[in-house]
Number of protein chains: 2
Amino acid sequence: MDGQPRYLWVADLLRRPILDGELEPGSRLPSRSRLARTYGVSEQVSRHALRLLVSEGLVEARPGSGYYVRTVPQIHRFSRTDRSSGAGVDPLQRADLGTRTETVCGIVARRLELRDGVRVFRTSCLGMADDMPVALHTAWEPAALTQGTLRTPADAEAGTSVLQRLGAAGVAIDRVVEEVGVRPLREPESSLLKLAPGLPVLVVERTHYQGRRPVETSDLVGSIDHCRLLYRLSLARSPKREGR
Amino acid sequence: MDGQPRYLWVADLLRRPILDGELEPGSRLPSRSRLARTYGVSEQVSRHALRLLVSEGLVEARPGSGYYVRTVPQIHRFSRTDRSSGAGVDPLQRADLGTRTETVCGIVARRLELRDGVRVFRTSCLGMADDMPVALHTAWEPAALTQGTLRTPADAEAGTSVLQRLGAAGVAIDRVVEEVGVRPLREPESSLLKLAPGLPVLVVERTHYQGRRPVETSDLVGSIDHCRLLYRLSLARSPKREGR
DNA sequence: AAGTGGTCTAGACCACTAT
DNA sequence: TAGTGGTCTAGACCACTTA
(Lines give C-alpha, C1' and ligand atoms only; values in the text may rest on other atoms or scores of the structure.)
Protein backbone atom coordinates (compact mmCIF):
# COMPACT_ATOMS: atom_id res chain seq x y z
CA MET A 1 0.00 0.00 0.00
CA ASP A 2 3.01 2.29 -0.30
CA GLY A 3 4.90 3.98 -3.10
CA GLN A 4 1.58 4.04 -4.93
CA PRO A 5 -0.77 6.99 -4.41
CA ARG A 6 -3.56 6.04 -2.01
CA TYR A 7 -6.33 6.90 -4.46
CA LEU A 8 -4.89 4.34 -6.92
CA TRP A 9 -4.74 1.81 -4.14
CA VAL A 10 -8.41 2.35 -3.29
CA ALA A 11 -9.34 2.29 -6.99
CA ASP A 12 -7.54 -1.02 -7.43
CA LEU A 13 -9.37 -2.52 -4.47
CA LEU A 14 -12.68 -1.58 -6.06
CA ARG A 15 -11.74 -2.42 -9.63
CA ARG A 16 -10.81 -6.02 -8.92
CA PRO A 17 -14.23 -7.28 -7.78
CA ILE A 18 -15.95 -5.31 -10.54
CA LEU A 19 -13.86 -6.85 -13.32
CA ASP A 20 -14.11 -10.29 -11.72
CA GLY A 21 -17.87 -10.00 -11.63
CA GLU A 22 -18.12 -10.29 -7.85
CA LEU A 23 -19.86 -6.94 -7.84
CA GLU A 24 -22.77 -7.35 -10.20
CA PRO A 25 -23.66 -4.62 -12.67
CA GLY A 26 -26.14 -2.25 -11.07
CA SER A 27 -25.02 -2.85 -7.51
CA ARG A 28 -24.09 0.13 -5.36
CA LEU A 29 -20.57 0.86 -4.21
CA PRO A 30 -19.82 2.27 -0.74
CA SER A 31 -20.29 6.02 -0.66
CA ARG A 32 -17.23 8.24 -0.74
CA SER A 33 -17.49 9.01 3.00
CA ARG A 34 -17.98 5.34 3.82
CA LEU A 35 -14.92 4.41 1.74
CA ALA A 36 -12.88 7.10 3.44
CA ARG A 37 -13.74 5.70 6.87
CA THR A 38 -13.24 2.10 5.77
CA TYR A 39 -9.78 2.57 4.34
CA GLY A 40 -8.59 5.36 6.64
CA VAL A 41 -8.14 7.98 3.94
CA SER A 42 -9.58 11.42 3.43
CA GLU A 43 -12.77 11.89 1.54
CA GLN A 44 -10.88 13.54 -1.33
CA VAL A 45 -8.91 10.36 -1.81
CA SER A 46 -11.96 8.12 -2.01
CA ARG A 47 -13.57 10.68 -4.27
CA HIS A 48 -10.51 10.67 -6.54
CA ALA A 49 -10.58 6.88 -6.72
CA LEU A 50 -14.28 6.77 -7.58
CA ARG A 51 -13.95 9.41 -10.27
CA LEU A 52 -11.12 7.41 -11.77
CA LEU A 53 -13.39 4.39 -12.04
CA VAL A 54 -16.08 6.60 -13.58
CA SER A 55 -13.60 7.87 -16.17
CA GLU A 56 -12.70 4.27 -16.98
CA GLY A 57 -16.33 3.52 -17.66
CA LEU A 58 -16.63 0.92 -14.92
CA VAL A 59 -18.75 2.94 -12.55
CA GLU A 60 -21.60 5.39 -12.90
CA ALA A 61 -22.30 8.27 -10.50
CA ARG A 62 -25.90 9.07 -9.70
CA PRO A 63 -25.93 12.38 -7.82
CA GLY A 64 -27.86 12.19 -4.61
CA SER A 65 -27.94 8.43 -4.76
CA GLY A 66 -24.54 6.80 -5.01
CA TYR A 67 -21.95 5.14 -7.20
CA TYR A 68 -23.10 2.09 -9.12
CA VAL A 69 -21.34 -0.63 -11.09
CA ARG A 70 -22.22 0.14 -14.66
CA THR A 71 -24.65 -2.03 -16.49
CA VAL A 72 -23.01 -3.35 -19.64
CA PRO A 73 -24.24 -0.90 -22.25
CA GLN A 74 -26.12 -1.98 -25.34
CA ILE A 75 -23.54 -2.30 -28.10
CA HIS A 76 -24.51 -1.22 -31.60
CA ARG A 77 -22.52 -2.62 -34.49
CA PHE A 78 -22.33 -0.54 -37.63
CA SER A 79 -21.61 -2.69 -40.63
CA ARG A 80 -19.41 -0.52 -42.85
CA THR A 81 -19.24 -2.93 -45.74
CA ASP A 82 -22.82 -3.36 -46.81
CA ARG A 83 -24.03 -0.39 -48.68
CA SER A 84 -27.51 -1.74 -49.13
CA SER A 85 -29.73 0.78 -47.43
CA GLY A 86 -30.24 4.18 -45.86
CA ALA A 87 -28.07 6.87 -44.39
CA GLY A 88 -24.99 6.36 -42.26
CA VAL A 89 -26.52 5.07 -39.03
CA ASP A 90 -27.93 1.95 -40.51
CA PRO A 91 -29.04 -0.54 -37.89
CA LEU A 92 -30.48 2.29 -35.78
CA GLN A 93 -33.60 4.35 -35.97
CA ARG A 94 -32.89 7.50 -37.96
CA ALA A 95 -33.82 10.99 -36.81
CA ASP A 96 -33.26 13.34 -39.73
CA LEU A 97 -31.81 16.75 -38.98
CA GLY A 98 -32.35 18.05 -42.49
CA THR A 99 -30.20 19.38 -45.32
CA ARG A 100 -28.61 22.81 -45.56
CA THR A 101 -26.74 24.54 -48.32
CA GLU A 102 -23.46 26.04 -47.17
CA THR A 103 -20.12 27.14 -48.53
CA VAL A 104 -17.44 24.59 -47.90
CA CYS A 105 -14.70 25.24 -45.32
CA GLY A 106 -11.12 24.08 -44.91
CA ILE A 107 -11.09 20.45 -43.91
CA VAL A 108 -14.21 19.37 -45.75
CA ALA A 109 -13.06 21.29 -48.82
CA ARG A 110 -9.84 19.32 -48.77
CA ARG A 111 -11.67 16.02 -48.47
CA LEU A 112 -13.90 16.88 -51.42
CA GLU A 113 -10.99 18.46 -53.31
CA LEU A 114 -12.96 21.69 -53.70
CA ARG A 115 -11.84 25.28 -53.45
CA ASP A 116 -12.98 27.11 -50.32
CA GLY A 117 -16.33 28.78 -50.84
CA VAL A 118 -17.87 26.23 -53.23
CA ARG A 119 -21.49 25.42 -52.38
CA VAL A 120 -22.24 22.06 -50.80
CA PHE A 121 -25.24 20.30 -49.29
CA ARG A 122 -24.78 19.32 -45.67
CA THR A 123 -27.10 16.60 -44.41
CA SER A 124 -27.21 15.36 -40.83
CA CYS A 125 -29.05 12.67 -38.98
CA LEU A 126 -28.96 11.06 -35.58
CA GLY A 127 -28.96 7.34 -34.95
CA MET A 128 -31.29 6.58 -32.07
CA ALA A 129 -31.69 3.54 -29.85
CA ASP A 130 -34.42 3.47 -27.20
CA ASP A 131 -35.03 7.17 -27.88
CA MET A 132 -31.45 7.98 -26.92
CA PRO A 133 -28.99 9.41 -29.44
CA VAL A 134 -26.09 7.06 -30.12
CA ALA A 135 -24.40 8.36 -33.24
CA LEU A 136 -24.38 11.47 -35.39
CA HIS A 137 -23.90 11.33 -39.15
CA THR A 138 -23.04 14.43 -41.14
CA ALA A 139 -22.52 14.28 -44.90
CA TRP A 140 -21.31 16.85 -47.40
CA GLU A 141 -21.58 16.77 -51.19
CA PRO A 142 -21.05 19.39 -53.89
CA ALA A 143 -24.35 21.05 -54.66
CA ALA A 144 -23.40 21.11 -58.34
CA LEU A 145 -23.79 17.33 -58.57
CA THR A 146 -27.55 17.23 -58.14
CA GLN A 147 -28.73 20.85 -57.98
CA GLY A 148 -31.95 21.32 -59.89
CA THR A 149 -32.66 17.60 -60.12
CA LEU A 150 -34.88 15.60 -57.79
CA ARG A 151 -31.81 13.77 -56.55
CA THR A 152 -30.58 16.28 -53.99
CA PRO A 153 -30.32 15.00 -50.42
CA ALA A 154 -33.37 17.09 -49.57
CA ASP A 155 -35.49 15.66 -52.37
CA ALA A 156 -34.61 12.01 -52.05
CA GLU A 157 -36.94 9.68 -50.19
CA ALA A 158 -35.79 8.78 -46.71
CA GLY A 159 -33.81 5.57 -46.58
CA THR A 160 -32.15 6.07 -49.95
CA SER A 161 -28.42 5.38 -49.86
CA VAL A 162 -25.89 7.78 -51.35
CA LEU A 163 -25.01 5.13 -53.91
CA GLN A 164 -28.59 4.83 -55.12
CA ARG A 165 -29.24 8.53 -55.08
CA LEU A 166 -26.10 9.70 -56.83
CA GLY A 167 -26.24 6.67 -59.11
CA ALA A 168 -29.67 7.83 -60.29
CA ALA A 169 -28.17 11.27 -60.90
CA GLY A 170 -25.54 9.71 -63.15
CA VAL A 171 -22.71 9.66 -60.62
CA ALA A 172 -21.42 6.09 -60.32
CA ILE A 173 -19.59 5.68 -57.03
CA ASP A 174 -17.00 2.94 -57.28
CA ARG A 175 -14.65 3.52 -54.37
CA VAL A 176 -14.94 4.30 -50.67
CA VAL A 177 -12.19 5.32 -48.28
CA GLU A 178 -12.77 5.37 -44.55
CA GLU A 179 -10.49 6.70 -41.86
CA VAL A 180 -11.28 5.66 -38.30
CA GLY A 181 -10.03 7.47 -35.21
CA VAL A 182 -10.90 8.80 -31.78
CA ARG A 183 -11.04 12.46 -30.78
CA PRO A 184 -12.67 14.61 -28.12
CA LEU A 185 -16.31 15.51 -28.74
CA ARG A 186 -16.79 19.09 -29.94
CA GLU A 187 -19.58 21.48 -29.28
CA PRO A 188 -22.27 21.31 -31.91
CA GLU A 189 -22.08 17.52 -31.71
CA SER A 190 -22.11 17.23 -27.94
CA SER A 191 -25.50 18.83 -27.46
CA LEU A 192 -27.02 16.69 -30.21
CA LEU A 193 -25.59 13.50 -28.75
CA LYS A 194 -26.29 14.65 -25.18
CA LEU A 195 -22.74 13.82 -24.15
CA ALA A 196 -20.19 16.01 -22.39
CA PRO A 197 -17.89 17.98 -24.70
CA GLY A 198 -14.35 16.68 -24.48
CA LEU A 199 -15.45 13.07 -24.07
CA PRO A 200 -13.61 10.79 -26.50
CA VAL A 201 -15.77 9.59 -29.39
CA LEU A 202 -15.28 7.20 -32.26
CA VAL A 203 -15.12 8.99 -35.61
CA VAL A 204 -15.37 7.54 -39.11
CA GLU A 205 -14.45 9.92 -41.90
CA ARG A 206 -15.78 8.38 -45.10
CA THR A 207 -15.32 9.62 -48.64
CA HIS A 208 -17.09 8.26 -51.72
CA TYR A 209 -15.26 8.47 -55.05
CA GLN A 210 -16.18 8.25 -58.68
CA GLY A 211 -12.84 7.19 -60.05
CA ARG A 212 -10.40 9.74 -58.65
CA ARG A 213 -13.05 12.37 -57.97
CA PRO A 214 -14.49 12.62 -54.44
CA VAL A 215 -18.25 13.11 -54.70
CA GLU A 216 -19.39 12.82 -51.10
CA THR A 217 -17.77 12.82 -47.68
CA SER A 218 -19.19 12.24 -44.23
CA ASP A 219 -18.40 11.98 -40.55
CA LEU A 220 -19.91 9.37 -38.29
CA VAL A 221 -19.47 10.31 -34.64
CA GLY A 222 -20.46 7.77 -32.03
CA SER A 223 -20.16 7.12 -28.33
CA ILE A 224 -17.26 4.77 -27.62
CA ASP A 225 -19.39 2.89 -25.11
CA HIS A 226 -22.12 1.98 -27.54
CA CYS A 227 -20.54 1.85 -30.99
CA ARG A 228 -18.53 -0.79 -32.81
CA LEU A 229 -17.57 -0.82 -36.47
CA LEU A 230 -17.76 -4.00 -38.50
CA TYR A 231 -15.77 -4.58 -41.67
CA ARG A 232 -16.29 -7.72 -43.72
CA LEU A 233 -13.52 -7.94 -46.28
CA SER A 234 -13.43 -10.51 -49.03
CA LEU A 235 -10.10 -11.73 -50.33
CA ALA A 236 -11.75 -13.86 -52.98
CA ARG A 237 -9.23 -13.18 -55.79
CA SER A 238 -5.52 -12.59 -55.47
CA PRO A 239 -4.13 -10.86 -52.40
CA LYS A 240 -4.81 -7.15 -52.70
CA ARG A 241 -2.12 -5.20 -54.46
CA GLU A 242 -0.12 -2.49 -52.80
CA GLY A 243 -1.94 0.80 -52.17
CA ARG A 244 -0.95 3.86 -50.19
CA MET B 1 -19.62 32.96 -15.16
CA ASP B 2 -22.54 31.60 -13.16
CA GLY B 3 -24.63 28.48 -13.19
CA GLN B 4 -21.60 26.76 -14.63
CA PRO B 5 -19.02 25.28 -12.25
CA ARG B 6 -16.01 27.58 -11.96
CA TYR B 7 -13.53 24.93 -13.05
CA LEU B 8 -15.43 24.54 -16.34
CA TRP B 9 -15.39 28.29 -16.75
CA VAL B 10 -11.62 28.40 -16.28
CA ALA B 11 -11.16 25.42 -18.60
CA ASP B 12 -13.22 27.14 -21.29
CA LEU B 13 -11.13 30.30 -21.01
CA LEU B 14 -7.99 28.25 -21.60
CA ARG B 15 -9.44 25.94 -24.24
CA ARG B 16 -10.50 28.69 -26.59
CA PRO B 17 -7.05 30.13 -27.39
CA ILE B 18 -5.58 26.62 -27.63
CA LEU B 19 -8.10 25.44 -30.20
CA ASP B 20 -7.87 28.74 -32.07
CA GLY B 21 -4.12 28.40 -32.27
CA GLU B 22 -3.42 31.60 -30.36
CA LEU B 23 -1.46 29.52 -27.86
CA GLU B 24 1.11 27.67 -29.93
CA PRO B 25 1.83 24.01 -29.28
CA GLY B 26 4.66 23.74 -26.77
CA SER B 27 3.97 27.03 -25.03
CA ARG B 28 3.51 27.06 -21.28
CA LEU B 29 0.23 27.78 -19.57
CA PRO B 30 0.02 29.80 -16.33
CA SER B 31 0.73 27.60 -13.32
CA ARG B 32 -2.17 26.44 -11.19
CA SER B 33 -1.40 28.97 -8.43
CA ARG B 34 -1.05 31.77 -10.97
CA LEU B 35 -4.39 30.83 -12.54
CA ALA B 36 -6.03 30.75 -9.13
CA ARG B 37 -4.84 34.29 -8.37
CA THR B 38 -5.71 35.57 -11.84
CA TYR B 39 -9.28 34.33 -11.84
CA GLY B 40 -9.98 34.61 -8.12
CA VAL B 41 -10.61 30.92 -7.54
CA SER B 42 -9.03 28.39 -5.23
CA GLU B 43 -6.06 26.39 -6.36
CA GLN B 44 -8.17 23.22 -6.46
CA VAL B 45 -10.42 24.84 -9.04
CA SER B 46 -7.57 25.81 -11.35
CA ARG B 47 -6.09 22.38 -10.83
CA HIS B 48 -9.41 20.76 -11.75
CA ALA B 49 -9.60 22.84 -14.91
CA LEU B 50 -6.06 21.98 -15.97
CA ARG B 51 -6.56 18.27 -15.37
CA LEU B 52 -9.68 18.41 -17.49
CA LEU B 53 -7.67 19.85 -20.35
CA VAL B 54 -5.05 17.14 -19.82
CA SER B 55 -7.74 14.46 -19.98
CA GLU B 56 -8.98 16.00 -23.22
CA GLY B 57 -5.52 15.65 -24.68
CA LEU B 58 -5.06 19.38 -25.24
CA VAL B 59 -2.52 19.96 -22.50
CA GLU B 60 0.42 18.05 -21.10
CA ALA B 61 1.61 18.24 -17.49
CA ARG B 62 5.35 18.19 -16.82
CA PRO B 63 5.80 17.74 -13.07
CA GLY B 64 8.09 20.33 -11.60
CA SER B 65 7.93 22.42 -14.72
CA GLY B 66 4.42 23.39 -15.74
CA TYR B 67 1.48 22.76 -18.03
CA TYR B 68 2.18 22.94 -21.75
CA VAL B 69 0.01 23.06 -24.86
CA ARG B 70 0.47 19.68 -26.44
CA THR B 71 2.44 19.33 -29.59
CA VAL B 72 0.31 17.74 -32.28
CA PRO B 73 1.26 14.08 -32.05
CA GLN B 74 2.60 12.11 -34.98
CA ILE B 75 -0.35 10.27 -36.51
CA HIS B 76 0.17 6.76 -37.81
CA ARG B 77 -2.29 5.39 -40.33
CA PHE B 78 -2.77 1.65 -40.45
CA SER B 79 -4.05 0.53 -43.80
CA ARG B 80 -6.37 -2.36 -43.01
CA THR B 81 -7.13 -3.28 -46.60
CA ASP B 82 -3.76 -4.15 -48.04
CA ARG B 83 -2.63 -7.50 -46.86
CA SER B 84 0.66 -7.31 -48.70
CA SER B 85 3.27 -7.57 -45.99
CA GLY B 86 4.25 -8.38 -42.42
CA ALA B 87 2.48 -8.62 -39.11
CA GLY B 88 -0.29 -6.38 -37.89
CA VAL B 89 1.58 -3.12 -37.30
CA ASP B 90 2.55 -2.56 -40.86
CA PRO B 91 3.85 0.93 -41.52
CA LEU B 92 5.74 0.87 -38.22
CA GLN B 93 8.95 -0.72 -37.09
CA ARG B 94 8.19 -4.11 -35.60
CA ALA B 95 9.51 -5.31 -32.24
CA ASP B 96 8.71 -9.00 -31.96
CA LEU B 97 7.62 -10.29 -28.57
CA GLY B 98 7.75 -13.94 -29.61
CA THR B 99 5.33 -16.83 -29.87
CA ARG B 100 3.97 -18.92 -27.01
CA THR B 101 1.85 -22.02 -26.96
CA GLU B 102 -1.13 -21.73 -24.64
CA THR B 103 -4.53 -23.24 -24.06
CA VAL B 104 -7.27 -21.04 -25.38
CA CYS B 105 -9.58 -19.16 -23.00
CA GLY B 106 -13.14 -17.89 -23.19
CA ILE B 107 -13.29 -14.97 -25.57
CA VAL B 108 -10.53 -16.02 -27.93
CA ALA B 109 -11.96 -19.56 -28.00
CA ARG B 110 -15.29 -18.12 -29.10
CA ARG B 111 -13.66 -16.09 -31.85
CA LEU B 112 -11.80 -19.13 -33.16
CA GLU B 113 -14.83 -21.37 -32.58
CA LEU B 114 -12.73 -23.72 -30.48
CA ARG B 115 -13.53 -25.54 -27.26
CA ASP B 116 -11.85 -24.17 -24.14
CA GLY B 117 -8.48 -25.80 -23.56
CA VAL B 118 -7.48 -26.34 -27.20
CA ARG B 119 -3.84 -25.46 -27.84
CA VAL B 120 -3.12 -22.26 -29.77
CA PHE B 121 -0.08 -20.21 -30.72
CA ARG B 122 -0.07 -16.68 -29.37
CA THR B 123 2.20 -14.26 -31.17
CA SER B 124 2.74 -10.65 -30.13
CA CYS B 125 4.63 -7.71 -31.48
CA LEU B 126 4.89 -4.01 -30.83
CA GLY B 127 4.73 -1.32 -33.47
CA MET B 128 7.37 1.29 -32.73
CA ALA B 129 7.86 4.84 -33.97
CA ASP B 130 10.90 6.81 -32.87
CA ASP B 131 11.67 4.05 -30.36
CA MET B 132 8.33 4.61 -28.65
CA PRO B 133 5.64 1.91 -28.63
CA VAL B 134 2.52 2.95 -30.52
CA ALA B 135 0.52 -0.21 -31.04
CA LEU B 136 0.42 -3.78 -29.76
CA HIS B 137 -0.59 -6.68 -31.96
CA THR B 138 -1.51 -10.06 -30.49
CA ALA B 139 -2.55 -12.96 -32.70
CA TRP B 140 -3.92 -16.39 -31.88
CA GLU B 141 -4.19 -19.42 -34.18
CA PRO B 142 -4.91 -23.08 -33.54
CA ALA B 143 -1.63 -24.93 -33.09
CA ALA B 144 -3.08 -27.86 -35.02
CA LEU B 145 -3.00 -25.84 -38.25
CA THR B 146 0.77 -25.71 -38.59
CA GLN B 147 2.21 -27.78 -35.76
CA GLY B 148 5.18 -29.84 -36.93
CA THR B 149 5.57 -27.86 -40.15
CA LEU B 150 7.95 -24.98 -40.73
CA ARG B 151 4.95 -22.69 -41.08
CA THR B 152 4.28 -22.02 -37.39
CA PRO B 153 4.43 -18.36 -36.35
CA ALA B 154 7.70 -19.14 -34.59
CA ASP B 155 9.32 -20.71 -37.65
CA ALA B 156 8.22 -18.23 -40.30
CA GLU B 157 10.64 -15.54 -41.41
CA ALA B 158 9.94 -12.14 -39.96
CA GLY B 159 7.75 -10.02 -42.21
CA THR B 160 5.68 -12.91 -43.53
CA SER B 161 1.96 -12.18 -43.54
CA VAL B 162 -0.57 -14.60 -42.12
CA LEU B 163 -1.99 -15.04 -45.60
CA GLN B 164 1.36 -16.09 -47.04
CA ARG B 165 2.28 -18.29 -44.12
CA LEU B 166 -1.01 -20.16 -43.75
CA GLY B 167 -1.37 -20.25 -47.52
CA ALA B 168 1.94 -22.11 -47.71
CA ALA B 169 0.59 -24.49 -45.08
CA GLY B 170 -2.42 -25.22 -47.28
CA VAL B 171 -4.88 -22.95 -45.48
CA ALA B 172 -6.35 -20.53 -48.01
CA ILE B 173 -7.74 -17.50 -46.20
CA ASP B 174 -10.53 -15.91 -48.21
CA ARG B 175 -12.39 -13.73 -45.74
CA VAL B 176 -11.53 -11.22 -43.03
CA VAL B 177 -13.85 -9.70 -40.45
CA GLU B 178 -12.76 -6.74 -38.36
CA GLU B 179 -14.54 -5.20 -35.41
CA VAL B 180 -13.33 -1.77 -34.31
CA GLY B 181 -14.00 -0.27 -30.92
CA VAL B 182 -12.58 1.65 -27.98
CA ARG B 183 -12.05 0.28 -24.49
CA PRO B 184 -9.92 1.07 -21.45
CA LEU B 185 -6.36 -0.22 -21.58
CA ARG B 186 -5.80 -3.32 -19.43
CA GLU B 187 -2.78 -4.38 -17.50
CA PRO B 188 -0.51 -6.61 -19.53
CA GLU B 189 -0.93 -4.19 -22.44
CA SER B 190 -0.40 -0.99 -20.52
CA SER B 191 3.13 -1.78 -19.41
CA LEU B 192 4.11 -2.86 -22.93
CA LEU B 193 2.67 0.31 -24.47
CA LYS B 194 3.93 2.45 -21.58
CA LEU B 195 0.51 4.01 -21.17
CA ALA B 196 -1.61 4.33 -18.04
CA PRO B 197 -4.07 1.48 -17.46
CA GLY B 198 -7.64 2.67 -17.89
CA LEU B 199 -6.73 5.03 -20.72
CA PRO B 200 -9.04 4.55 -23.71
CA VAL B 201 -7.38 2.76 -26.63
CA LEU B 202 -8.45 1.89 -30.14
CA VAL B 203 -8.94 -1.85 -30.61
CA VAL B 204 -9.28 -3.83 -33.84
CA GLU B 205 -10.42 -7.41 -33.39
CA ARG B 206 -9.64 -9.18 -36.65
CA THR B 207 -10.52 -12.73 -37.62
CA HIS B 208 -9.30 -14.54 -40.72
CA TYR B 209 -11.55 -17.22 -42.22
CA GLN B 210 -11.15 -20.08 -44.62
CA GLY B 211 -14.72 -20.33 -45.79
CA ARG B 212 -16.76 -20.52 -42.60
CA ARG B 213 -13.87 -21.69 -40.46
CA PRO B 214 -11.93 -19.11 -38.41
CA VAL B 215 -8.22 -19.88 -38.69
CA GLU B 216 -6.61 -16.88 -37.01
CA THR B 217 -7.72 -14.01 -34.83
CA SER B 218 -5.88 -11.00 -33.52
CA ASP B 219 -6.16 -7.80 -31.48
CA LEU B 220 -4.55 -4.57 -32.51
CA VAL B 221 -4.42 -2.15 -29.58
CA GLY B 222 -3.25 1.38 -30.27
CA SER B 223 -3.09 4.77 -28.61
CA ILE B 224 -6.02 6.94 -29.70
CA ASP B 225 -3.70 9.92 -30.05
CA HIS B 226 -1.39 8.30 -32.56
CA CYS B 227 -3.45 5.71 -34.45
CA ARG B 228 -5.88 5.93 -37.35
CA LEU B 229 -7.33 3.07 -39.35
CA LEU B 230 -7.65 3.28 -43.11
CA TYR B 231 -10.09 1.20 -45.12
CA ARG B 232 -10.09 1.35 -48.90
CA LEU B 233 -13.21 -0.38 -50.17
CA SER B 234 -13.86 -1.07 -53.81
CA LEU B 235 -17.43 -1.14 -55.10
CA ALA B 236 -16.32 -2.16 -58.57
CA ARG B 237 -19.14 -4.66 -59.26
CA SER B 238 -22.70 -4.55 -58.07
CA PRO B 239 -23.51 -3.06 -54.68
CA LYS B 240 -22.56 -5.55 -51.97
CA ARG B 241 -25.29 -7.98 -51.05
CA GLU B 242 -26.86 -8.04 -47.64
CA GLY B 243 -24.86 -9.68 -44.84
CA ARG B 244 -25.61 -10.51 -41.18
C1' DA C 1 -34.70 14.25 7.46
C1' DA C 2 -30.66 11.83 6.31
C1' DG C 3 -27.50 10.54 3.00
C1' DT C 4 -25.21 11.34 -1.36
C1' DG C 5 -22.46 13.23 -5.21
C1' DG C 6 -20.67 17.78 -7.11
C1' DT C 7 -18.30 21.50 -6.03
C1' DC C 8 -15.35 24.50 -3.33
C1' DT C 9 -11.93 26.61 0.22
C1' DA C 10 -7.52 26.95 2.65
C1' DG C 11 -4.24 25.07 3.92
C1' DA C 12 -0.06 21.24 3.61
C1' DC C 13 4.17 18.06 2.15
C1' DC C 14 6.92 15.75 -1.41
C1' DA C 15 9.73 15.11 -5.57
C1' DC C 16 10.99 17.27 -9.28
C1' DT C 17 12.58 21.19 -12.54
C1' DA C 18 14.67 25.42 -13.48
C1' DT C 19 17.94 28.89 -12.36
C1' DT D 1 16.53 28.00 -3.87
C1' DA D 2 12.18 29.09 -5.71
C1' DG D 3 8.55 27.40 -8.38
C1' DT D 4 5.83 23.59 -10.05
C1' DG D 5 2.74 19.56 -10.40
C1' DG D 6 0.98 15.46 -7.65
C1' DT D 7 -1.00 14.23 -3.75
C1' DC D 8 -3.37 14.82 0.60
C1' DT D 9 -6.17 16.63 4.81
C1' DA D 10 -10.22 18.66 7.05
C1' DG D 11 -13.42 21.01 6.70
C1' DA D 12 -17.86 23.29 3.98
C1' DC D 13 -22.44 24.27 1.13
C1' DC D 14 -25.77 22.92 -2.42
C1' DA D 15 -29.10 20.17 -5.03
C1' DC D 16 -30.62 15.97 -5.30
C1' DT D 17 -32.42 11.14 -4.07
C1' DT D 18 -34.22 8.03 -0.76
C1' DA D 19 -36.95 6.69 2.80
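Proteins come first, then strands; the chains are lettered A, B, ... in the order of their sequence lines, and each starts at number 1.
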Could you check how far [atom1] of [X] sits from [atom2] of [N], rounded to whole Å?
X     : N      : atom1 : atom2 : answer
B/R6  : C/dA10 : CZ    : P     : 10 Å
A/H48 : C/dT7  : NE2   : P     : 14 Å
B/R47 : D/dC8  : CZ    : C1'   : 10 Å
A/L29 : C/dG3  : CG    : P     : 19 Å
A/R37 : D/dT9  : CZ    : C1'   : 16 Å
B/L35 : D/dG5  : CG    : C1'   : 13 Å
B/Y68 : C/dT17 : OH    : P     : 11 Å
A/E43 : D/dT7  : CD    : P     : 19 Å

Hey, could you give me the [atom1]/[atom2] distance between [X] and [Y], rounded to the nearest 0.5 Å?
X      : Y      : atom1 : atom2 : answer
A/L97  : A/R122 : CG    : CZ    : 9.0 Å
A/T217 : A/R110 : OG1   : CZ    : 12.0 Å
A/S223 : A/L185 : OG    : CG    : 10.0 Å

Closest to the [X] side chain: [options]?
X     : options             : value
B/V41 : C/dT9, D/dT9, D/dG6 : C/dT9
B/V45 : D/dC8, C/dC8, C/dG5 : C/dC8
B/R51 : D/dT7, D/dT4, C/dT7 : D/dT7

- [ ] Could you check A/Q44 against A/S33 and say which one's nearest nucleotide on DNA chain C is further toward the 5' end?
- [x]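 Looking at DNA chain C, the more 5' nearest nucleotide goes with A/S33.
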
Please confirm whether the shortest side-chain N or O distance from [X] to OP1 or OP2 of [N] is below 4.0 Å.
X     : N      : value
A/S42 : D/dC8  : no
A/Y67 : D/dT17 : no
A/S65 : D/dT17 : no

Open item on the list: Whether the side chain of A/R32 and the base of C/dG6 hold a donor-acceptor pair under 3.5 Å is what I'd like checked.
Closed with: yes

Task: Given A/L14, A/V10, A/V45, the one that forms side-chain contact (heavy atoms from CB on, under 4.5 Å) with A/L50 - done: A/L14

Open item on the list: Angle between the end axes of the helix from C/dA1-D/dT18 to C/dA18-D/dT1, five pairs per end, to the nearest 10 degrees?
Closed with: 0°

Open item on the list: Assuming nearest nucleotide by heavy-atom distance, tell me which of A/R62 and A/L8 is located more 5' along DNA chain D.
Closed with: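 The 5'-side residue here is A/L8.
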
- [ ] Could you say whether A/Y7 or B/R34 is positioned toward the 5' end of DNA chain D, judged by the nucleotide with the nearest heavy atom to each?
- [x]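 The residue closer to the strand's 5' end, by nearest nucleotide, is B/R34.
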
- [ ] Scan B/R28 against the nucleic acid and name what it touches under 4.0 Å (heavy atoms): base, sugar-phosphate only, or nothing.
- [x] sugar-phosphate

Open item on the list: Taking salt bridge (charged side-chain N to carboxylate O under 4.0 Å, His left out) as the criterion, tell me which of B/E205, B/E179, B/E141 meets it with B/R111.
Closed with: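 Only one of B/E205, B/E179, B/E141 forms a salt bridge (charged side-chain N to carboxylate O under 4.0 Å, His left out) with B/R111, namely B/E205.
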
TODO: Could you walk me through whether A/Y68 and A/T71 pass the side chain to side chain donor-acceptor pair (under 3.5 Å) test, one step at a time?
DONE: CA-CA 9 Å; A/Y68 295 82; A/T71 306; over 6 Å; no

Task: Check: B/S79/B/R232 side-chain N/O donor and acceptor closer than 3.5 Å - done: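 Checked: B/S79/B/R232 side chains pair up, N/O donor to acceptor below 3.5 Å.
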
Open item on the list: Assess the residue pair A/E22 and A/R16 against the criterion (salt bridge (charged side-chain N to carboxylate O under 4.0 Å, His left out)); give the C-alpha distance rounded to whole Å, side-chain angles, the decisive distance to 0.1 Å, and a yes or no.
Closed with: CA-CA 9 Å; A/E22 294 165 32; A/R16 190 67 52 89; over 6 Å; no

